[in-house]
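Here the structure is a predicted model, which means the values were calculated and not measured.
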Amino acid sequence: MVQPASPYSSTGAGTISPLVALQVTLQRMREQSDANALIQLTLEYVRAVFGAPLIWLALYDHANHQLVGQGGVTLRKDDQALLRALYPLQPGEILEQVVIEQRPISVADLSQEPRMGLWQREAKRLGGIQGCFIYPFSAVGRRRCLGILMLGSQVWGITTREEEKALLGILLGQLAASLQELENAWRQQTEKRLEDSLLRLGTAMCQAGALQERVSLVRQELQTFLGAVHIQVYWHERSQGRFVSHGSAARPSQPPTPAPISREAKAGAAPPGDGGFSLRELGDMYYTLADGQVVVGGTGTTRSEIPLKLMQQLRAQAALAAPILLEKDLLGFIWVQSEVPRTWQASERQLVAAAANGLALAAPLENLDRRIRQLADDQEFVHQVGRSLYNPAELPQALQQAVVGLGQRLQAGAVALLTVDPDRPSPRLFSEYRSEGKQALPPQFSSLSEQDWQDLLRSEVVAAENYDQDLRLLSWRQDLAPLGVRSLLLTHTGASGTATPEGLILVLHPRPRAWSREERQLLRGTAQQVGLLLRQLRSQQRQERQEHLLSGLITACLTLQNLATPAALYATTAQQAAQLLRIPLALVVSWQPGESRACLQPPFAAAPEFCPSGPTEINRQDPLLAAALQARGLLQLAQEQIPAASRTWLNSAGLGSWLLVPLGETDPSLPEPLGVLILGAEADRVWEAEEQAAVTLIAQTCGWTLRRLLWVQTLQERQEVLSELNWYKHRRLLDMQNALLDSLRRLGQVPDIPGDEATRWQKVVEIGRGLQELAVSTNPLLQAETWQVQPQFQSLSLATLVRKSLRRVEGLTQKRKLWLRAHGDLSLAVQGDIGRLEMVLWEVLLAAALRSPERGRLDLWGQATEGYAELLVVDQGHLDPHLLTALQWDPQQVIYADPLFQSPLLVSPGLELGLCQRVVQRMGGQLSFYPSGDGRSVARLLLPLASEELRPPPAVASGGQRPQQPKQGQQGQHPPI
């Protein structure tokens, strides 16, 4: 390649050939024990023999895949920094090719070769270097490259001769052998006993101050003891679910590029690009480390405990991992990796385990202040949750704040507080915390299996660090699948040994992660305080519910006892029960004693969609009603338990839980119930014992009130019939008495009648015929109406009715000198009980005559109006306002009114007029009273017009309708008299 620049000579001798010089150099190299002296001898020989303008010797750093310059020769004396610089190898470069292939390469023109990197740019500055020869030297057996020698020339494309290659091969071979011997000697000198390494490691760690320094000491000591291996310390980043190498951030792990181990690699450098391991990559190895066991793997072991995929990814032939474990909390592990097959000795495993234990003891000291502050903050947080017990009004807010605070401290994706009810198998969501963008939790979770309950009560905290691979809480997988849960914590809110906790706290995380001992303790302490809050809240809610039930019961019972009609009783019972229990539907099915048909009363519903649609008349033998009466108490049914025949009338949509209560006692010795109260709620509704007792009391109160109303109604109706009979018979008897007295008076006047005997006899016969008609007219009254009212509907003209009634009051009107006149159309034919109509009109005229002033007017107006005959009796008297108000009530309400109430209808004339109103109403008519606009009083009698075919008038409804008043323009506006 080049000619020697100067002879390699010695004192007193001539020129020495390159071969002789090589012998001298090799001899001197064998006598050296210093690597720098060996390198210096090599450079001196090359400079003396080859005289090249560029000579560079570099050692290969396998760990960092770079060349480390050891010096050389250039035409410039200030280039030593360049010759001793670090030169990282890049893929595709010629220098990397030489190192990897370990064979010499010639470059024709260094300044034109882009794959020479820095040397291309420096070629011209170094004197116009063109031809270049790169010669590698390797350890014995060529297993790894130790370095390169580069010679540069100013001549383009120059090559080396075989003799020159031989000289360089011998020289560099000796250099490699000498370096290998120094390395072996150094290794033998550094090999120590396990006890020495442990003592030295313990002493050094005690003297170290920071965790970083302790980790470096551990790696150095292990490197010294274990030899050519990669050593790295990984810490457990629980929030990321990864083990991250010491001093690096968590990132996707990349397999390191395998390369020969250099002296710098022995210093403990980690594989480049090491981003750590995820829990999924470690697999079962993670659980082995968590148990405190050392994990070994590789070809030198009978059974590899490290996943084969992980070994292949790292391209490791043997590996060793020792857990950094503190109080059963896996803080990390020490990873030792060898790229050649080897068997891990017991002393090696013991030293690595001891080093890991030392780091476990030292790790808490690194962040001791932070941990103390964190524990103090956690303790204060738990105490703050517990202090909410002293303010019952803020219990719901305190529970929500506890859930939110727990989620923020644990950096969780979501935290759920679930309530556990013994009557409900499924936990229900009470409160939740969700990080931004997370999906809402389901309102109800599936029931836990018996095994999950036992695990939870035994361990108090269930931690699924990789939920996808965990066999616990399988019943919740479907509930949690939409949330993307990868790890979770679950605990109950009861004290230790609690068999029936009040609730559960569930902590969810979107990535696999481990949960530290402090995090579990924080969760457990908070859960116990939350359990106290839940018990306090349930006690408070139970008290409020009982107070609500008590006050509602008092109101309901008082209201039900004061109702006067069955219809109002049914409606109020349904309303009070629905409002008291806060349910969407309540209805009553009722029947009369001895009847075979039941009636579905109008329901009370919170919304129209809850109202059942179907028949309102039900057979008493309906299977649902029969089951309610045979249950001898309350009957709880789900929607699917309702008989198919009963769903035709009980078909409310959206309801799935039913409660049936008989209206009365179910004891056979007592009167049978007269109905069933049916309550409907949502499918998951649980009927509390207090609610069942309350609704039972309401139903019994309704039943006995209904029975009382029926008793009173029956008695009052009987009293009404007897009162009407008494009034009617009394008036007929009075009418008969007047007619008999009038006949006797007329008989006494017969002798005084002028004329012959035949004329007087004819008058006697006429009077006798009138007495006979009077006796015949009483036959129906005596035969048919002994104890019951039996009206006989007939037709008669309004004129006849008015004429007979005026005749009966003729004496009173003459005595009070009243001006009595009849007006309008009196030829109308009306239908009704003639005898009763005569007595009614007599009673009305009698009352009008008695209240009219002397010499006043009494007018009767007749007209037809909308299928009725209207007769107005107008007088100049004044109606008592109290009596007028009482007469305007519904006649049916008068019957059911409180008999102890001092009403104007209990004394004359109100008693008679009220009876007349009810008599006219039963005949299909109406009798009403009101004052006119000019100060007079009006009695308005409406009677149905007679038809060609006489028939009883339709029944008039008795349900609270007030009598119709005259049309606008009629009241008080009759024709002038």
Counting C-beta onward and ignoring hydrogens, is there a side-chain heavy-atom pair between Leu331 and Leu325 closer than 4.5 Å?
no
Using a 4.5 Å cut-off on heavy atoms from C-beta on, say whether the side chain of Phe333 contacts that of Tyr286.
no
Nearest non-hydrogen partners of Pro427 and Ser446, listed with the distance:
CD-O, 3.6 Å
In short, Leu534 meets Leu417 closest at the heavy-atom pair CD1-CD1, 4.2 Å
Can you name the residues that form a side-chain contact (heavy atoms from CB on, under 4.5 Å) with Pro307, not counting sequence neighbours?
Met285, Leu310
Return the set of residues passing side-chain hydrogen bond (donor to acceptor under 3.5 Å, both in side chains) with Asp470 (not counting sequence neighbours), or none when no residue passes.
Arg472
Results of salt bridge (charged side-chain N to carboxylate O under 4.0 Å, His left out) for Asp421 - residues two or more places apart only:
Arg424
Among residues two or more places apart or on two chains, list those pairs meeting salt bridge (charged side-chain N to carboxylate O under 4.0 Å, His left out) that have a residue in residues 600-618.
Arg597-Glu617
Any heavy-atom pair between the side chains of Trp235 and Val244 that's under 4.5 Å?
no
Among Gln546, Gln540, Gln541, side-chain hydrogen bond (donor to acceptor under 3.5 Å, both in side chains) partner for Glu544:
Gln540
Distance under 6.0 Å and angle within 45° of the ring axis: does Arg513 meet both against Trp515?
yes
Measure across Ala586 and Ala578 and return the closest heavy-atom pair with its distance rounded to 0.1 Å.
CB-CB, 3.9 Å
For atom CG of Asp284, is the number of surrounding heavy atoms from other residues, nucleotides or ligands below 6.0 Å larger than 12?
no
Taking atom CD of Gln478 as the centre, does the number of heavy atoms from other residues, nucleotides or ligands within less than 6.0 Å exceed 12?
no
Do NZ/NE/NH1/NH2 and the carboxylate oxygens of Arg520 and Glu465 come within less than 4.0 Å?
yes
Reported CZ-to-NE2 distance for the pair Arg545 and His548, which is rounded to 0.5 angstrom
10.0 Å
With sequence neighbours left out, what residues match Asp455 under salt bridge (charged side-chain N to carboxylate O under 4.0 Å, His left out)?
Arg458
Quick check: closest heavy atoms across Leu624 and Ser646, and the distance to 0.1 Å?
CB-OG, 3.1 Å
From Gln528 atom CD to Leu533 atom CG, the distance as rounded to the nearest 0.5 Å:
12.0 Å
To the nearest 0.5 Å, what is the distance between CD on Glu237 and OG on Ser278?
14.0 Å
Under the salt bridge (charged side-chain N to carboxylate O under 4.0 Å, His left out) definition, can you give me all pairs with a residue in residues 477-492, not counting sequence neighbours?
Asp468-Arg486
Arg582 atom CZ, neighbour heavy-atom count above 12 within 6.0 Å
no
Parallel, tilted or perpendicular: which describes the rings of Tyr234 and Trp335, with under 30° parallel and over 60° perpendicular?
perpendicular
Heavy-atom distance under 4.5 Å between the side chains of Pro612 and Trp649, does that happen here?
no
Could you check if a side-chain atom of Leu587 sits within less than 4.5 angstrom of a side-chain atom of Phe610, using non-hydrogen atoms only?
no
Could you check if a side-chain atom of Leu634 sits within less than 4.5 angstrom of a side-chain atom of Leu659, using non-hydrogen atoms only?
yes
So CD of Gln469 and CG of Leu279: to nearest 0.5 Å the spacing works out to 9.0 Å
So for atom CZ, which belongs to Arg524, do other residues, nucleotides or ligands contribute more than 12 heavy atoms lying within a distance under 6.0 Å?
yes
So, using salt bridge (charged side-chain N to carboxylate O under 4.0 Å, His left out) as the criterion, who are the partners of Arg535 when residues are at least two apart?
Glu502
Results of side-chain contact (heavy atoms from CB on, under 4.5 Å) for Gln543 - residues two or more places apart only
Glu547
Residue among Val507, Ile505, Leu506, Leu523 satisfying side-chain contact (heavy atoms from CB on, under 4.5 Å) with Leu490:
Leu506
CA sep, side-chain torsions, deciding dist, call: Glu691, Arg685, salt bridge (Lys or Arg N to Asp or Glu O under 4.0 Å)
CA-CA 12 Å; Glu691 296 175 340; Arg685 175 62 182 260; 3.0 Å; yes
Show your working on salt bridge (Lys or Arg N to Asp or Glu O under 4.0 Å) between Glu432 and Arg434 and close with a plain yes or no.
CA-CA 7 Å; Glu432 66 173 328; Arg434 289 178 288 149; 3.5 Å; yes
When you measure from the side chain of Ser657 to the backbone N and O of Ala681, does any donor-acceptor pair fall under 3.5 Å?
no
Validation row: Leu406, Leu410 side chains within 4.5 angstrom (heavy atoms)
yes
So, using side-chain contact (heavy atoms from CB on, under 4.5 Å) as the criterion, who are the partners of Thr701 when residues are at least two apart?
Cys557, Leu560, Gln561, Leu697, Thr705
Residues at least two apart in sequence or cross-chain that pass salt bridge (charged side-chain N to carboxylate O under 4.0 Å, His left out) with Arg428, listed by chain then number, are Asp684
Between Ala416 and Leu429, what is the shortest heavy-atom contact and its length?
CB-CD1, 3.8 Å
I'd like to know whether Trp658 forms a side chain to side chain contact (heavy atoms under 4.5 Å, CB included) with Ile642, so could you lay out the CA-CA distance, the side-chain angles of the two residues, the decisive distance to 0.1 Å, and finally the verdict.
CA-CA 9 Å; Trp658 300 93; Ile642 300 295; 4.0 Å; yes
Exercise: identify the closest heavy-atom pair between Ala319 and Ile306:
CB-CD1, 3.5 Å
Supply the atom-to-atom distance Thr555 OG1 to Leu580 CG, rounded to the nearest 0.5 angstrom.
9.0 Å
Quick one: list whatever passes side-chain contact (heavy atoms from CB on, under 4.5 Å) with Pro482, sequence neighbours left out.
Gln439
With sequence neighbours left out, write down each residue that passes ring pair (Phe, Tyr, Trp, His ring centres under 6.0 Å) with Phe445, or none if nothing qualifies.
Trp476
